[in-house]
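The next block holds one structure in the form of structure tokens; read it before the comments.
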Amino acid sequence: MQSGKKMRLGVLGSGKGSNFVAIAQAIQSGSLPAEVALVLSDMPEAGILQQARDRGISAQFIPPGAFRTKLDPTAESAFIQALQDAQVDLVVLAGFMRILKGDFLRAFEGRVMNIHPSLLPSFPGLEAWKQALSYGVKVTGCTVHWVDQGVDTGPILAQQAVPVLEGDTVTSLHQRIQEAERTLYPETLARLAQGPWMTKVRPTSNA
Ligand code: GAR
């Protein structure tokens with residue numbers, strides 16, 4: 001494990017990268033004592049890769065293999081290797097749309113975090129804001145949680161409630177939730193970076 005003060009993040013995403021941008025901005029502004037060591041994606045054209053490169057951060061597409069919802073064993077090894085080579089303290093899932101299990105979770109045990117666009121345990125899985133709207137809940141939100149072997153399960157670290165307003169569409173509700181995510185994720189990471197977790201993960205650190 002790398003020594004030094006800053007928490008080293010490996011960020012995984014499949015989409016446009018608005019959560020990654022919020023994290024990068026929090027680092028830039030000094031509110032999050034961390035650095036993004038590496039960004040990885042399973043999608044060659046993912047916006048998150050470009051967002052990282054625009055900021056001079058190493059970004060790599062790794063072909064996911066033949067499965068639709070998980071990584072094949074070769075891809076899983078490549079993801080693990082890249083993150084280990086980059087000496088990341090924490091793996092941050094920011095819109096990574098494949099389920100990580102087994103070897104990956106063992107390689108980064110207790111060090112994989114995710115953000116999900118609902119108040120878990122309500123509405124796990126895909127397009128959680130659509131599920132919330134069609135169910136008719138009046139409050140939804142977003143959740144930051146540790147990743148375990150389940151789908152959108154694992155101990156909850158932080159949640160932010162978001163109201164569902166009269167006349168909301170799938171798009172307006174999704175935007176409101178994503179706005180909340182952009183505050184919740186950097187704040188949760190900052191709490192971790194400044195708390196006892198870092199000393200546990202990197203005992204040699206003088207942070
Ligand atoms: C985020 O809203 C995140 O909560 C969701 O993907 C979006 C990625 O957006 N993740 C999941 O649904 C995981 N179950 P981004 O690429 O703009 O950060």
Side-chain angles (χ1 to χ4, degrees), residues 9-28 32 34 36 38-55 57 59-62 64 67-71 79 90-101 104-105 112-135 137 139-164 168-189:
L9 309 177
V11 181
L12 270 56
S14 310
K16 64 181 191 291
S18 67
N19 277 286
F20 161 73
V21 170
I23 291 164
Q25 285 172 346
I27 291 171
Q28 181 76 24
L32 171 55
V36 179
L38 178 66
V39 170
L40 297 176
S41 184
D42 58 329
M43 302 291 279
E45 305 298 335
I48 193 172
L49 291 174
Q50 196 53 50
Q51 291 286 3
R53 289 175 188 137
D54 289 349
R55 288 166 175 77
I57 293 168
Q60 204 183 325
F61 158 66
I62 297 180
F67 301 115
R68 212 170 44 84
T69 58
K70 61 179 186 176
L71 299 171
F79 271 80
L90 182 68
V91 178
V92 176
L93 306 185
F96 190 66
M97 300 313 278
R98 285 170 195 270
I99 299 159
L100 296 167
K101 290 187 176 245
F104 189 96
L105 295 183
V112 186
M113 193 186 278
N114 183 43
I115 189 156
H116 182 77
S118 75
L119 291 178
L120 291 170
S122 292
F123 311 124
L126 293 176
E127 300 186 317
W129 62 93
K130 268 192 199 171
Q131 298 182 50
L133 197 64
S134 53
Y135 197 93
V137 294
V139 178
T140 182
C142 50
T143 302
V144 177
H145 64 98
W146 291 118
V147 174
D148 65 9
Q149 297 270 350
V151 176
D152 300 323
T153 55
I156 290 174
L157 283 155
Q159 291 186 304
Q160 175 65 53
V162 170
V164 182
D168 252 342
T169 61
V170 163
T171 309
S172 63
L173 181 57
H174 190 200
Q175 276 172 0
R176 196 173 308 117
I177 293 171
Q178 285 216 307
E179 236 167 78
E181 289 185 337
R182 292 196 283 269
T183 307
L184 190 69
Y185 220 177
E187 278 181 3
T188 309
L189 287 165

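All residue numbers in this chain count up from 1 along the given sequence. Note that ligands are numbered from 1 as they come in the structure, with each ligand's atoms numbered from 1 the same way.
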Side-chain donor-acceptor contact under 3.5 Å, Arg182 with Gln178: no

Distance in Å, Ile62 CD1 paired with Leu40 CG, rounded so as to fall on 0.5 Å steps: 4.5 Å

Shortest non-hydrogen contact from Asp152 toward Leu120: O-CD1, 3.4 Å

Side-chain (Gln159) to main-chain (Leu184) donor-acceptor, under 3.5 angstrom: no

Contact residues of ligand 1 (heavy atom under 4.0 Å), by chain and number: Gly15, Lys16, Gly17, Ser18, Asn19, Gly95, Met97, Ile115, His116, Pro117, Asp152, Gln178, Glu181

Residue pair Leu12, Leu100: steps toward the side chain to side chain contact (heavy atoms under 4.5 Å, CB included) verdict: CA-CA 11 Å; Leu12 270 56; Leu100 296 167; 4.2 Å; yes

Euclidean distance, Thr140 OG1 relative to Asp168 CG, rounded to 0.5 Å: 10.5 Å

